[in-house]
Amino acid sequence: IHTILHELGHIVLGHRGDPLDEALPPALLALLNHRRAMVGRLRQIGGGIQGSIEDREAEVFVRLVQRQILFANRLAELT
């Protein structure tokens, strides 16, 4: 759940990802394109809380969302 919220934080905060053709090897990109038309961006895997400013912002987002869920007594819905 934490990872999903972290990645959603990147989206909500408007963080820029890396172009797929720069992040994936050509063979894997060709396989993905063959299976479905795919246009988008892929975030590079960072170093967690010690990573980029964007990763730290996404971590703050996660903690704020989780705290609000706990205060609303909705932990079961989160999981």
Side-chain angles (χ1 to χ4, degrees):
I1 299 299
H2 181 94
T3 302
I4 293 169
L5 289 173
H6 177 96
E7 296 307 321
L8 285 172
H10 285 301
I11 294 167
V12 169
L13 296 168
H15 294 161
R16 188 174 183 283
D18 297 317
L20 288 176
D21 61 351
E22 293 178 14
L24 299 177
L28 179 56
L29 188 59
L31 177 64
L32 290 172
N33 285 330
H34 176 71
R35 292 188 179 204
R36 66 179 184 200
M38 186 172 169
V39 177
R41 302 185 86 71
L42 178 70
R43 295 252 341 123
Q44 285 184 324
I45 298 172
I49 195 71
Q50 300 301 321
S52 70
I53 291 171
E54 289 183 347
D55 279 326
R56 290 190 298 264
E57 289 175 347
E59 285 298 313
V60 169
F61 174 86
V62 170
R63 287 183 173 81
L64 291 172
V65 168
Q66 288 177 333
R67 188 162 74 179
Q68 290 299 317
I69 290 169
L70 286 172
F71 287 150
N73 202 22
R74 297 288 192 180
L75 187 58
E77 286 82 354
L78 177 63
T79 57

A.B. asks: Return the CG to CG distance between Leu64 and Leu5, rounded to the nearest 0.5 Å.
C.D. replies: 11.0 Å
A.B. asks: One pair to check against side-chain contact (heavy atoms from CB on, under 4.5 Å): Arg56 and Ile53. What are the steps and the verdict?
C.D. replies: CA-CA 5 Å; Arg56 290 190 298 264; Ile53 291 171; 3.0 Å; yes
A.B. asks: For Gln66, what residues pass the side-chain hydrogen bond (donor to acceptor under 3.5 Å, both in side chains) criterion, not counting sequence neighbours?
C.D. replies: none
A.B. asks: Can His6 and His2 be counted as having a side-chain donor-acceptor contact under 3.5 angstrom?
C.D. replies: no
A.B. asks: Can you check whether Leu28 reaches Pro25 side chain to side chain, under 4.5 Å on heavy atoms?
C.D. replies: yes
A.B. asks: Would you please name every residue forming a side-chain hydrogen bond (donor to acceptor under 3.5 Å, both in side chains) with Glu77, sequence neighbours left out?
C.D. replies: Arg74
A.B. asks: Closest heavy-atom contact between Leu8 and Phe61?
C.D. replies: C-CE2, 4.3 Å
A.B. asks: Look up atom NE2 in His15 and atom CG in Asp55, then write down how far apart they are to the nearest 0.5 Å.
C.D. replies: 8.5 Å
